[in-house]
Number of protein chains: 2
Amino acid sequence: MSRQSEKSLSQTLRAALGVRDLLYSGTFRPGERLSEIALSDRLGLSRTPIRAALARLEQEGLVEVIPSGGYAVRTFSEADIIDAIELRGVLEGTAARLAAERGISDDYLNAISNTLRELDEIVAPPVAELDFERYHECNAVFHDQLRNLSGSTIIRQEIERVTNMPFADPSAFLKAQVDFPEFRASLQVGQEHHRAIIDAVAKREGARAEALAREHARLAKRNLDYVMKNQILKDSVPGLFLVAV
Amino acid sequence: MSRQSEKSLSQTLRAALGVRDLLYSGTFRPGERLSEIALSDRLGLSRTPIRAALARLEQEGLVEVIPSGGYAVRTFSEADIIDAIELRGVLEGTAARLAAERGISDDYLNAISNTLRELDEIVAPPVAELDFERYHECNAVFHDQLRNLSGSTIIRQEIERVTNMPFADPSAFLKAQVDFPEFRASLQVGQEHHRAIIDAVAKREGARAEALAREHARLAKRNLDYVMKNQILKDSVPGLFLVAV
DNA sequence: GGGTCAAAAATTGTATACAATGAGAAGGAA
DNA sequence: TTCCTTCTCATTGTATACAATTTTTGACCC
């Protein structure tokens with residue numbers, strides 16, 4: 001059977017990816033029922049893996065259970081997004097604080113310092129020339145290193161869970177930030193935050209590291225606020241259409 | 001079919017409860033493979049609901065995926081427990097802080113104050129007469145109210161998730177606390193924390209509320225430390241046998 | 001005795017069938 | 001029209017069958 005034969009992923013995984021893609025591409029409206037049969041037809045899979053995928057996406061928070069049976073696209077409120085962003089700040093802050101308190105190895109510090117330097121390079125030139133793709137990737141690397149900084153599996157998993165929510169990801173507003181000049185300054189502010197967080201961790205200043213990580217996440221709240229006021233911008237944030245007006 | 005006919009829960013739910021019970025009762029050793037067939041035989045269900053239950057328990061963190069297929073009992077380290085407790089403190093602290101910052105309704109405040117008064121009554125008499133069952137229930141109510149205090153669904157769900165881990169629950173060490181006199185004093189300290197947290201929330205002192213909730217969770221760490229040193233006590237903490245020595 | 005290879009047994013992943021419930025349409029009464 | 005009732009159809013939850021792959025057993029060789 002196709003457990004993992006070459007390029008052929010498990011059907012269940014393929015289903016999860018497929019349904020998630022459908023959700024993100026806006027194929028269904030918030031609150032709409034997700035018919036297992038329709039999905040299995042569309043993705044060319046049987047109902048079993050679809051069903052497993054839906055159960056998984058429910059735990060991820062993208063779909064919700066209908067009491068009478070089945071699943072529906074989850075609807076979010078703006079307050080949910082704000083809370084999710086706040087929560088990311090709190091968790092990344094905890095990762096940073098614990099890293100500061102418990103200490104980190106030189107290897108880790110070097111690795112994340114290298115990422116910082118690369119981000120510096122990317123952000124340094126005049127905003128007009130900013131390399132979007134490179135920034136996106138490098139920012140993801142930084143936040144990945146940050147959530148591993150404390151060395152705690154439990155913390156990392158929890159951050160990953162929250163970050164899975166479409167609009168709570170550290171890069172959620174990146175597209176909006178790059179496409180609209182008035183946003184770009186916040187990229188440099190963000191990079192300043194990055195530096196300060198790692199500086200605090202290196203100096204074992206736990207409280208400072210935690211506070212900074214929280215403040216860093218709050219940049220996203222500001223972006224959200226702006227984006228919500230401009231219909232045009234909304235489409236640049238993945239999954240934002242899941243938010244009920 | 002048996003969607004929810006009277007007392008008959010869905011088979012999937014029954015499977016989840018059944019497997020969890022088996023895990024908690026120590027039927028399987030940490031790391032041991034959980035055979036779907038064995039489980040379905042044992043619980044008198046078909047493999048389908050068992051499989052769904054296992055997928056769910058994996059998200060809850062009780063079982064883990066075996067790369068070659070299937071599930072195994074998850075193994076925890078002592079560090080995992082410490083981190084989970086710390087995380088609970090952080091999240092409950094966030095709930096308290098947000099409640100303080102955003103304000104809570106008089107109804108909520110009254111409700112949780114009533115719980116506080118009841119806990120006072122329970123803890124007041126000489127320790128020898130402490131009503132275990134009543135304390136257990138009342139403590140659960142308090143922590144439930146606490147995690148709803150901010151009114152945020154996202155926060156509440158996240159606390160519930162972490163609290164699902166067997167040893168991160170606020171009542172995890174209760175049995176040990178009651179059975180062993182040297183522990184009982186910590187119940188009164190805990191109640192003092194409860195009072196202070198709510199006082200801080202009512203006065204909108206967010207930072208204080210957050211710090212207190214964290215410190216409250218750290219009581220559990222102290223208990224853990226003590227329990228880990230005494231083999232006899234270990235059995236009084238649910239799921240602690242999942243911890244690798 | 002230990003290690004390697006091969007065959008057998010066990011176990012999973014997936015597809016499909018079926019019964020029971022829920023949702024929705026059609027139709028009638030007010 | 002609007003509301004209620006009934007009937008039909010669609011959809012889910014569950015069981016089971018089957019193929020593929022792991023894992024284990026056992027034999028053989030060094």
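None of the values given here were measured: they were computed from a predicted structure. The chains referred to below are lettered A, B, ... by the order of the sequence lines, with proteins before strands, and numbering in each begins at 1.
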Minimum-distance nucleotide to [X] side chain [options: [options]]:
{"X": "A:Q11", "options": "C:dT12, D:dT14, C:dT14", "result": "C:dT14"}
{"X": "A:E36", "options": "C:dA23, D:dG13, C:dT14", "result": "D:dG13"}
{"X": "A:S35", "options": "C:dA15, C:dT12, D:dT11", "result": "D:dT11"}

Check your understanding: For residues A:R161 and B:Q59, is any side-chain donor paired with an opposing acceptor at under 3.5 Å?
Key ->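 There is such a pair between these side chains.
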
Exercise for review: Report the residue (A:R47 or B:R51) whose heavy-atom-nearest nucleotide on DNA chain C is the more 5′ of the two.
Suggested key: B:R51

Review point. A:R33 or A:L45: which one's nearest nucleotide on DNA chain C is closer to the 5' end?
Key: A:L45

Should we count [atom1] of [X] as having more than 12 external heavy atoms under 6.0 Å?
{"X": "A:R42", "atom1": "CZ", "answer": "no"}
{"X": "B:Q157", "atom1": "CD", "answer": "yes"}
{"X": "B:R222", "atom1": "CZ", "answer": "no"}

Check your understanding: When you check the phosphate oxygens OP1 and OP2 of C:dT14, does a side-chain N or O of A:T48 lie under 4.0 Å from one of them?
Key -> no

Check your understanding: OP1 or OP2 of C:dT21 less than 4.0 angstrom from a side-chain nitrogen or oxygen of A:S68, does that happen here?
Key -> no

Practice item. Quick one: closest heavy-atom pair of B:F173 and B:F167, and the distance? Key: CE1-O, 4.0 Å

Between [X] ([atom1]) and [N] ([atom2]), how many Å, whole number?
{"X": "A:Y71", "N": "D:dG13", "atom1": "OH", "atom2": "C1'", "value": "11 Å"}
{"X": "A:E32", "N": "D:dT11", "atom1": "CD", "atom2": "P", "value": "12 Å"}
{"X": "A:I37", "N": "C:dT16", "atom1": "CD1", "atom2": "C1'", "value": "12 Å"}
{"X": "B:D41", "N": "C:dT12", "atom1": "CG", "atom2": "P", "value": "12 Å"}
{"X": "A:I66", "N": "C:dT21", "atom1": "CD1", "atom2": "P", "value": "18 Å"}
{"X": "A:I50", "N": "D:dT12", "atom1": "CD1", "atom2": "P", "value": "11 Å"}

Practice item. Scan B:L34 against the nucleic acid and name what it touches under 4.0 Å (heavy atoms): base, sugar-phosphate only, or nothing. Key: sugar-phosphate

